[in-house]
Amino acid sequence: MQTNSLTQTALTYDDVNIIPQYSEIRHRQDIDTSVKLSNTLTLTAPVISSPMDSITEFEMAFAMAKCGGIGVLHKFLPIEEQRFQVKQLKLRSRLPENRRYPVGAAIGATADYLERAEELINANIDLLILDVAHGHHKLIKDALTSLKNKFDHQVHIMAGSIATKKAAKDLINWGADSLRVGIGSGSLCSTRIQTGVGIPMISCLQEINEVASKHNIPVIADGGLRTPGDIAKAIAAGANAVILGSLLSGTKETPGILEKTGTWPNEKLQKKYRGSASLESKIDRGETKNVEGYSTIVPYKGKVKRIIDDVLHGLRSACSYVGATTLKEFQERATFIQVTNAGITEAQPHLL
């Protein structure tokens, strides 16, 4: 009879700190935060906006590209609308900006995914994400095989979400160009509450990076990122870039209506933020089963550029604390120390 013994302890962002080291960095702006995801896709900022229907449509994708990252249009748009938004972003970037901005889009692993992928590739999409909750699955194996057979190397395909070494090995063998890592750690995700499934993110990233780095496959951290410090820890643990959802929620560029609550002149501005597996989101798509997420209202945060600027400032500062001038050097030099609950408390501002 198999025993379900505890094999190891897993750590997440609050469980660790990065140890400071000797540094000769004079100016933080000299630190290079760029990341190369493929021969044709380099980001000057290692940030990707989440393919959630309350996070990324055209305006967010355009804003992320201007900031040096990339936005991923959610898969719940009709195919023709998703394709139209890709073409419009490419057009706008060429005309007003005279630059080539990258854009990504999410597709599923069943139904119209091949047709959707073909339309997006014809529109010059830069990144496709196979957007499913459990990426270590036969549906992903079949979808990756079909996509690679049909489109070969025409587009970068990110697959996931995963949380184990075995999953990383399998997805790489199936043809994934990058790995989306994180199960049950999103701010509105209830997977761990309802299923008990998931692995804390620092340990998860470290283990998957052991496999991915041997094959030069980028690792993308998704979920549980609440602060710029968490993003620095994710990259130190092996992530090449991060997917942001809650940090971008409530910004001007997110889809949805800006709502007012309260009475003049003390009104508060708010926007809706919901998980893709929340009941509200599923009902809008005519679904009611397998609810593993929530929806909420968040305060209005202004333009997304302010958030990304803060993230990059924090990341450059983290690099300077360990004497690294690039993200690759940061990963090579950064080491963690585990902290106690008292250490977590100590890290918070004391007088707020």
Side-chain angles (χ1 to χ4, degrees), residues 36-43 47-95 97 99-133 135 139-161 171 174-180 217-218 220 222 241 243-245 248 253-255 276 281 285:
K36 184 178 181 180
L37 297 184
S38 71
N39 290 332
T40 58
L41 181 57
T42 296
L43 308 178
V47 288
I48 302 169
S49 67
S50 178
M52 301 168 70
D53 63 7
S54 58
I55 294 294
T56 309
E57 291 184 4
F58 174 84
E59 292 300 334
M60 177 61 74
F62 186 61
M64 289 296 292
K66 289 182 69 175
C67 291
I70 186 171
V72 182
L73 304 170
H74 65 85
K75 66 184 179 184
F76 308 114
L77 292 165
I79 294 176
E80 58 274 13
E81 176 61 24
Q82 204 179 26
R83 182 179 187 273
F84 175 75
Q85 291 194 21
V86 172
K87 291 181 73 67
Q88 286 296 109
L89 189 139
K90 295 292 185 180
L91 180 63
R92 182 189 284 190
S93 67
R94 286 198 307 269
L95 296 180
E97 303 288 334
R99 295 169 60 187
R100 183 185 179 277
Y101 284 151
V103 60
I107 60 175
T110 57
D112 65 4
Y113 76 97
L114 278 175
E115 177 190 355
R116 186 178 289 268
E118 184 168 20
E119 290 294 320
L120 291 167
I121 290 171
N122 288 339
N124 295 319
I125 197 77
D126 299 278
L127 168 69
L128 286 180
I129 290 186
L130 274 171
D131 185 26
V132 300
L139 288 175
I140 291 294
K141 179 180 181 181
D142 293 344
L144 273 172
T145 301
S146 297
L147 288 163
K148 286 297 180 178
N149 285 342
K150 185 166 185 178
F151 305 111
D152 195 20
H153 299 293
Q154 295 181 49
V155 66
H156 182 105
I157 301 176
M158 185 189 301
S161 295
L171 264 64
W174 299 342
D177 297 306
S178 59
L179 303 174
R180 183 182 184 183
I217 298 292
I220 314 300
D222 184 12
I243 292 177
L244 303 180
L248 306 182
E253 294 85 355
T254 56
S276 295
S281 183
R285 303 193 298 269

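The first residue of the sequence shown is numbered 1, and numbering continues consecutively from there.
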Quick one: list whatever passes ring pair (Phe, Tyr, Trp, His ring centres under 6.0 Å) with Y101, sequence neighbours left out. F62
Which heavy atom in I55 sits nearest to a heavy atom in P255, and how many Å separate them? O-CD, 3.3 Å
Spacing of Q82 atom CD and F76 atom CZ [to the nearest 0.5 Å]: 10.5 Å
How would you list all residue pairs meeting side-chain hydrogen bond (donor to acceptor under 3.5 Å, both in side chains) that involve residues 61-78, not counting sequence neighbours? E57-H74
Side chain to side chain contact (heavy atoms under 4.5 Å, CB included) test vs L144 passes for just one of L139, L130, N149, namely L130
With sequence neighbours excluded, what pairs up with Q154 under the side chain to side chain donor-acceptor pair (under 3.5 Å) test? none
Straight-line distance of I48 CD1 to S178 OG, nearest 0.5 Å: 7.0 Å
Pairing residues for E115 by the side chain to side chain contact (heavy atoms under 4.5 Å, CB included) criterion, not counting sequence neighbours: I79, D112
Please answer whether the main-chain N or O of R99 pairs with a side-chain N or O of S93 as donor and acceptor at a distance below 3.5 Å. yes
Which residues share a side chain to side chain donor-acceptor pair (under 3.5 Å) with Q85, sequence neighbours left out: E81
Side chain proximity check, D131 to I107, heavy atoms < 4.5 angstrom: no
Could you pull out the closest heavy-atom pair between L41 and P102, with the gap in Å? CD1-CB, 3.8 Å
To the nearest 0.5 Å, how far apart are CG in N124 and NZ in K87? 7.0 Å
Are T40 and H156 close enough, and set up right, to give a side chain to side chain donor-acceptor pair (under 3.5 Å), and what steps lead you there? CA-CA 9 Å; T40 58; H156 182 105; over 6 Å; no
How would you list, by chain and number, every residue that makes a salt bridge (Lys or Arg N to Asp or Glu O under 4.0 Å) with D177, sequence neighbours excluded? K148
What is the minimum heavy-atom distance between D126 and R100, and which atoms define it? OD1-NH2, 2.7 Å
Any residue meeting side chain to side chain donor-acceptor pair (under 3.5 Å) with R94, in chain and number order, not counting sequence neighbours: none
Does V132 reach the side chain of T110, with side-chain heavy atoms less than 4.5 Å apart? no
Between atom OG of S49 and atom CG of L244, what is the distance when rounded to the nearest 0.5 Å? 8.0 Å
So, using side chain to side chain contact (heavy atoms under 4.5 Å, CB included) as the criterion, who are the partners of L114 when residues are at least two apart? S146, L147, K150, F151
Please name all residues satisfying salt bridge (Lys or Arg N to Asp or Glu O under 4.0 Å) with K141, sequence neighbours left out, ordered by chain then number. none
Would you call M64 and T56 a side-chain contact if the rule is heavy atoms closer than 4.5 Å? no
Are side-chain heavy atoms of M158 and I243 found at a separation under 4.5 Å? yes
Mind listing the closest non-hydrogen atom pair of E253 and A63 along with its distance? CG-CB, 3.8 Å
Residues at least two apart in sequence or cross-chain that pass side chain to side chain contact (heavy atoms under 4.5 Å, CB included) with S161, listed by chain then number, are R180, I183
For a 4.5 angstrom cut-off between non-hydrogen side-chain atoms, does Q88 reach V103? no
Nearest heavy-atom approach of A61 to L73 is CB-CD2, 4.1 Å
Can you sort out the partners of S50 under side chain to side chain donor-acceptor pair (under 3.5 Å), two or more places apart, ordered by chain and number? none
For V155, check side chain to side chain contact (heavy atoms under 4.5 Å, CB included) against everything at least two apart and list the hits. I121, I125, L128, I157
Where is the tightest heavy-atom contact between A106 and R116, given as atom of each residue plus distance? O-CD, 4.0 Å
Going from CG on L120 to OH on Y113, what distance comes out if it is rounded to the nearest 0.5 angstrom? 14.5 Å
